[in-house]
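In what follows, chains are A, B, ... by sequence order, proteins preceding strands, each numbered from 1.
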Number of protein chains: 2
Amino acid sequence: MSKRPDKSSSNRLSSSPPDELNHIPLLKILSSADRQRVLQDLTEQHYTKRDVIFREGDPTEFFHIVKEGTVKCVKSSPEGKECTLKMLMPGDLFCCDAAAFEGARHPGTAQPMGDVSILRMNKKSYFDMLRRNPDAAIEVIKHLGNRLNEAQEKAKVLALDRADQRLASLLVDLATKNGVKDPQGIKLPMRLTRQDMANMVGTTTETAIRIMSRFKRDRLVSGTATRLIIRDLAGLKALASA
Amino acid sequence: MSKRPDKSSSNRLSSSPPDELNHIPLLKILSSADRQRVLQDLTEQHYTKRDVIFREGDPTEFFHIVKEGTVKCVKSSPEGKECTLKMLMPGDLFCCDAAAFEGARHPGTAQPMGDVSILRMNKKSYFDMLRRNPDAAIEVIKHLGNRLNEAQEKAKVLALDRADQRLASLLVDLATKNGVKDPQGIKLPMRLTRQDMANMVGTTTETAIRIMSRFKRDRLVSGTATRLIIRDLAGLKALASA
DNA sequence: AAAAAAACATGATGTAAATCATGTTTTTAA
DNA sequence: TTAAAAACATGATTTACATCATGTTTTTTT
């Protein structure tokens, strides 16, 4: 399924396998009756690398859940520099808050890293669900709390650490949260260029390349964008907080 | 009242003027019956500059609201460097999320900038309140969403901007959100040293001093820690995004 | 399979900001 | 009110990193 990600196609979810949706913590905690109701309001969208899900400054209309693939949250400066704030993975919620404000606008752009499926729901249905279901609201609070901690940890790293430490932190983070086991070490599950990494740690592509070359020489990592492998997680951790 | 901030004193709130608490958005939306109930569970704490409210790594026990004064959220690195993530002002909630996790620990230290009063409530009472009151939960979601946006905006600024731009952004932010009118311009309502500023924008004290001297020369600001005045907000805004 | 476009690589040079250093002024505490 | 401690100030030196530049390899597209 989902083998047709042409140009942002959308599907009704009403009678899709509920199995797939059990990976999503927020949906798991609903009563099965309420889950049925929620499924009525959710639609599935497909996007490719070239699409944008929404752009910085757009009015907020929907609450979103990543079903499949990776989505990056990006902000850009007037001079055209970009900064990637967060990689969203399956199960992650987004715009669970911005939607809370009347006339709110998206603070950043959401862009797929490849082919992705997104579940979404309009504001009204979303808030109705939260009001019916206090445990769902608390689940969202939990999720937002996590995101806030991550964002603050990221700010700390940006404020205090050198570029190589920031990059090491990033790799440790991605490996820990999203890495999959591999004979050679830990494989990162998304295509990630040096440029992507640079945008995530606030440095230039050239610097990211130089640092990654050093990491490669020191057997901390191997491979490039298409197949990036963490070979020495402990080594990277040591570097990150040294 | 609250003229006795010796060593973290605490008071019952049960029969205190409910007027004072109407500044706090979260409490305002409760039904008056439920507000009474919540007041039973809230206690007021007093702290001074020298105290810490809680320390990074401490287990989370309470949900907090700033009633009076300013509280800073700080993280520190193994080498002793410090980074101030956020200034909390009256009405701000904190630990509205960390408390959500069993065995959670505080991701940062909370420290008063002077004499402060804090309202607090234990985890259980807090979550009971949220479960009884979906609108309160949504208010917390709103608040967390705001905090997340701020944190991400801060990360962006740290990642992309020069030190003088970061400092200008900080001053614009503080002036806009917390500044009070003054014959000379906009006065910042808390004592704020060059060192404090440096910790907030990820630079050194010396650099913050040099930049502030330049801002002073250019008539963008005047005064020092005890009485810091923004004289040309537009000028600072221009610098922040230049 | 060939052409085009990204991604990766590495050197040379410039610069923002850290670090070290020393002195003055202001604030806080005894 | 005087001593001690922060806070503010400014110069000299070093350094991490950006910028510019040019070339190779890999990936994507036609």
Would you say that [X] contacts [Y] through its side chain, given a criterion of any heavy-atom pair below 4.5 Å between the two side chains?
{"X": "B:F215", "Y": "B:L167", "answer": "yes"}
{"X": "B:R227", "Y": "B:K187", "answer": "yes"}
{"X": "B:I230", "Y": "B:L236", "answer": "yes"}
{"X": "B:L88", "Y": "B:R147", "answer": "yes"}
{"X": "B:H106", "Y": "B:R55", "answer": "no"}
{"X": "B:V74", "Y": "B:N199", "answer": "no"}

Nearest-Å distance for atom pair [atom1]/[atom2], residues [X] and [N]:
{"X": "A:D196", "N": "C:dA7", "atom1": "CG", "atom2": "C1'", "answer": "11 Å"}
{"X": "A:E79", "N": "D:dA18", "atom1": "CD", "atom2": "P", "answer": "15 Å"}
{"X": "B:D115", "N": "C:dT28", "atom1": "CG", "atom2": "P", "answer": "12 Å"}
{"X": "A:I209", "N": "D:dC20", "atom1": "CD1", "atom2": "C1'", "answer": "14 Å"}
{"X": "B:M113", "N": "D:dA7", "atom1": "CE", "atom2": "C1'", "answer": "14 Å"}
{"X": "B:L192", "N": "D:dA6", "atom1": "CG", "atom2": "P", "answer": "18 Å"}
{"X": "B:R214", "N": "D:dT10", "atom1": "CZ", "atom2": "C1'", "answer": "15 Å"}
{"X": "A:E206", "N": "C:dG14", "atom1": "CD", "atom2": "C1'", "answer": "14 Å"}

With a 3.5 Å cut-off and heavy atoms only, can you find an N or O donor on one side and an acceptor on the other between the side chain of A:R50 and the base of D:dT29?
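A donor-acceptor contact between them is absent.
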
So for B:R210 and C:dT19, does any side-chain atom that can act as donor or acceptor lie under 3.5 Å from a complementary atom in the base?
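By the distance-only test, yes, there is a pair.
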
Select from A:I211 and B:Q195 the residue whose nearest nucleotide in DNA chain D is closer to the 5' end of that strand.
B:Q195

Distance check: side-chain N/O of [X] vs OP1/OP2 of [N], anything under 4.0 Å?
{"X": "A:T226", "N": "D:dT26", "result": "no"}
{"X": "A:T203", "N": "D:dC17", "result": "no"}
{"X": "A:R194", "N": "C:dA6", "result": "no"}
{"X": "A:T207", "N": "D:dC17", "result": "no"}
{"X": "B:T224", "N": "C:dT26", "result": "no"}

Do the charged groups of B:D164 and B:R214 touch, with an N to O distance under 4.0 Å?
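Yes, this pair counts.
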
Do the charged groups of B:R105 and B:E56 touch, with an N to O distance under 4.0 Å?
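No, this pair does not count.
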
Under 4.0 Å, heavy atom to any atom of DNA chain D: which of residues 161-170 of chain B qualify?
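DNA chain D contact set from residues 161-170 of chain B: none.
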
Shortest side-chain distance from B:A225, nucleotide among C:dC8, D:dA7, D:dA9:
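So the nucleotide nearest the side chain must be D:dA7.
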
NA contact type, B:R191, heavy-atom cut-off 4.0 Å: base, sugar-phosphate, or nothing?
sugar-phosphate

What contact category does B:T205 fall into here, base, sugar-phosphate, or nothing, at under 4.0 angstrom with non-hydrogen atoms?
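No contact.
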
